[in-house]
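Working notes, structure below.
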Amino acid sequence: MRYLEKFVLPDEDTEFQLAHDRRDENGGYLDSGYPCMLFPQKELSELDFETTTILYGGNGSGKSTLLNVIAEKLALKRTAPFNGGELFAPYVAACRYRMDLDLDDDELRIPQGSSIIKSDDIFEYMLAARQTNEERAQRTIIEKKEHVALKFSATLPFRGLDDYEAYRKQVLARQKSLTQRKFAQKFAGKQISLSSNGETALEYFRLKLKNETLYLLDEPENSLSPKFQLEIKDILEEKARYCGCQFIIATHSPFLLALRGAKIYDLDSVPVLPKKWWELENTKTYFSFFYGNRKLFLRNEKDGSQKNNKK
């Protein structure tokens with residue numbers, strides 16, 4: 001599914017006017033021209049989107065800036081803050097976009113819940129989950145002690161609604177079917193299942209990505225091993241192909257660059273042009289490295305095959 005069809009950036013003359021106006025407002029000075037002059041020098045004026053569109057480039061190429069510009073123009077939901085600078089808001093206001101059309105040739109709307117997800121969001125999720133687990137662990141100790149106290153102490157009085165919660169808790173503590181562990185879990189809360197950072201990040205995407213939604217993803221491969229990058233690739237492909245999602249992704253992961261049907265803009269090139277994933281410098285570097293060491297892989301595979309034959 002495609003919701004956002006086109007995004008148009010301000011041209012160089014417009015950027016100059018924005019900077020000139022702000023300089024006048026500031027009494028003749030300008031702290032920073034960001035994000036002006038970032039994209040005209042790449043000869044990038046507009047982007048046409050597909051169901052999955054990838055912004056590829058190295059550090060400083062502008063792919064994260066471009067995601068933030070699009071997210072702000074579309075007023076997408078975000079969690080992690082970003083540093084925009086004094087020209088960011090007028091720059092975003094000067095941008096234009098066009099939504100795709102439905103079967104009746106009516107313009108589609110941005111789906112409710114559409115958002116930009118940055119790597120900082122995932123780290124915050126991990127930190128919040130760990131803090132919650134620490135708080136629940138401390139509360140569990142308290143509830144276990146209270147379980148013993150309630151179970152063996154005198155029966156609490158029940159004179160009305162004000163006594164109900166305490167009385168109910170004692171009744172539960174005395175139930176044979178409710179162990180101390182289950183009692184503590186009931187009142188302290190169950191621990192959030194956390195494994196490695198990569199597994200937690202992958203679970204984050206499984207929970208957060210809803211159907212029929214537009215998502216901007218900023219380097220979702222962070223914290224993910226190659227194995228998990230392939231797993232999130234499968235998740236994104238399924239959501240795009242069968243679940244009505246549109247993705248605009250900033251990444252340099254060779255695995256995500258190979259997303260099925262993705263249109264890739266190479267922000268390292270001038271002018272910025274769509275390219276195939278195997279044409280990009282990053283994937284060529286990986287290929288050259290592994291191809292140069294192919295004998296090691298082939299030898300290891302051969303040795304493993306011989307061992308299996310002997311068995």
Below 4.5 Å, heavy atoms only, C-beta onward: do [X] and [Y] meet side chain to side chain?
{"X": "Glu219", "Y": "Lys118", "value": "no"}
{"X": "Tyr204", "Y": "Ile117", "value": "yes"}
{"X": "Glu12", "Y": "Met37", "value": "yes"}
{"X": "Asp120", "Y": "Thr79", "value": "no"}
{"X": "Tyr215", "Y": "Ser115", "value": "yes"}
{"X": "Leu30", "Y": "Leu87", "value": "yes"}
{"X": "Glu5", "Y": "Phe49", "value": "no"}
{"X": "Lys73", "Y": "Phe7", "value": "yes"}

Of Arg174, Lys169, Lys145, which is the lone residue that meets side chain to side chain contact (heavy atoms under 4.5 Å, CB included) with Leu150?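 Option passing the side chain to side chain contact (heavy atoms under 4.5 Å, CB included) with Leu150: Lys169.
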Between [X] and [Y], what is the shortest heavy-atom contact and its length?
{"X": "Ala258", "Y": "Lys233", "answer": "O-CE, 3.4 Å"}
{"X": "Leu216", "Y": "Ala71", "answer": "CD2-N, 3.7 Å"}
{"X": "Ser64", "Y": "Asp218", "answer": "OG-OD1, 2.9 Å"}
{"X": "Leu67", "Y": "Ala250", "answer": "CD1-CB, 3.5 Å"}
{"X": "Pro220", "Y": "Phe205", "answer": "CB-CZ, 3.5 Å"}
{"X": "Glu199", "Y": "Phe228", "answer": "CG-CZ, 3.3 Å"}

List for me each residue that meets ring pair (Phe, Tyr, Trp, His ring centres under 6.0 Å) alongside Tyr291, sequence neighbours excluded, and say none if there are none.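 So Tyr291 forms a ring pair (Phe, Tyr, Trp, His ring centres under 6.0 Å) with Phe287.
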For side chain to side chain contact (heavy atoms under 4.5 Å, CB included), just list the numbers for Leu74 and Tyr97, CA-CA rounded to whole Å, side-chain angles, deciding distance to a tenth of an Å, and then say yes or no. CA-CA 9 Å; Leu74 272 57; Tyr97 68 90; 3.8 Å; yes
Between [X] and [Y], a side-chain donor and acceptor under 3.5 Å:
{"X": "Asp11", "Y": "Thr14", "answer": "yes"}
{"X": "Gln246", "Y": "Asp100", "answer": "no"}
{"X": "Tyr34", "Y": "Thr65", "answer": "yes"}
{"X": "Gln17", "Y": "Asp21", "answer": "yes"}

Decide whether [X] and [Y] are clustered together by the hydrophobic rule: side chain heavy atoms of Ile, Leu, Val, Met, Phe, Trp, Tyr closer than 4.5 Å, transitively.
{"X": "Leu47", "Y": "Leu4", "result": "yes"}
{"X": "Leu178", "Y": "Tyr167", "result": "no"}
{"X": "Phe88", "Y": "Ile116", "result": "yes"}
{"X": "Phe158", "Y": "Val171", "result": "yes"}
{"X": "Ile248", "Y": "Phe255", "result": "no"}

More than 12 foreign heavy atoms under 6.0 Å from [atom1] of [X]: is that the case here?
{"X": "Arg109", "atom1": "CZ", "value": "no"}
{"X": "Glu25", "atom1": "CD", "value": "yes"}
{"X": "Phe16", "atom1": "CZ", "value": "no"}
{"X": "Phe187", "atom1": "CZ", "value": "yes"}
{"X": "Leu296", "atom1": "CG", "value": "yes"}
{"X": "Lys6", "atom1": "NZ", "value": "yes"}
{"X": "Tyr286", "atom1": "OH", "value": "no"}

Taking [X] first and then [Y], would you say they form a salt bridge - that is, a charged N and a carboxylate O separated by under 4.0 Å?
{"X": "Lys276", "Y": "Glu279", "answer": "no"}
{"X": "Glu72", "Y": "Arg78", "answer": "yes"}
{"X": "Arg98", "Y": "Glu107", "answer": "no"}

Would the distance check show the side chain of Lys210 and the main-chain N or O of Leu207 forming a donor-acceptor pair, the cut-off being under 3.5 Å?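 Yes, Lys210 side chain to Leu207 backbone: donor-acceptor pair under 3.5 Å.
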Judged by atom type as modelled, is there a donor-acceptor pair below 3.5 Å linking the side chain of Glu50 to the main-chain atoms of Gly261?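 Judged by distance alone, no pair lies under 3.5 Å.
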So, taking the atom named [atom1] in [X] and the one named [atom2] in [Y], what distance separates them when rounded to the nearest 0.5 Å?
{"X": "Leu236", "Y": "Ile249", "atom1": "CG", "atom2": "CD1", "value": "5.0 Å"}
{"X": "Glu281", "Y": "Ser288", "atom1": "CD", "atom2": "OG", "value": "8.0 Å"}
{"X": "Leu257", "Y": "Gln229", "atom1": "CG", "atom2": "CD", "value": "10.0 Å"}

List the atom pairs, with distances to 0.1 Å, where a side-chain N or O of residues 264-273 and a protein N or O form a donor-acceptor pair under 3.5 Å, not counting sequence neighbours.
from	atom 1	to	atom 2	distance (Å)
Tyr265	OH	Asp48	N	2.9
Tyr265	OH	Asp48	O	3.0
Tyr265	OH	Lys263	NZ	3.3
Asp266	OD1	Asp268	N	3.0
Asp266	OD2	Lys275	NZ	2.9
Asp268	OD1	Gly58	N	3.2
Asp268	OD2	Gly58	N	3.2
Ser269	OG	Asp266	O	2.8
Ser269	OG	Pro271	O	3.0

Please step through side chain to side chain contact (heavy atoms under 4.5 Å, CB included) for the pair Glu46 and Arg96, ending with a clear verdict. CA-CA 9 Å; Glu46 61 183 49; Arg96 294 178 289 115; over 6 Å; no
Could you walk me through whether Lys186 and Lys182 pass side chain to side chain contact (heavy atoms under 4.5 Å, CB included), step by step? CA-CA 6 Å; Lys186 180 177 180 64; Lys182 290 183 178 180; over 6 Å; no
Hey, can you tell me if Phe297 and Phe290 have their rings parallel, tilted or perpendicular (30° and 60° cut-offs)?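 Ring orientation of Phe297 relative to Phe290: perpendicular.
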What residues, two or more places apart in sequence or in another chain, satisfy salt bridge (Lys or Arg N to Asp or Glu O under 4.0 Å) together with Glu15?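 For Glu15, no residue satisfies salt bridge (Lys or Arg N to Asp or Glu O under 4.0 Å) once neighbours in sequence are set aside.
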How far apart are the C-alpha atoms of Arg206 and Ile235, what are their side-chain angles, what is the distance that settles it, and do they pass the side chain to side chain contact (heavy atoms under 4.5 Å, CB included) test? CA-CA 8 Å; Arg206 289 196 179 103; Ile235 292 172; 3.8 Å; yes
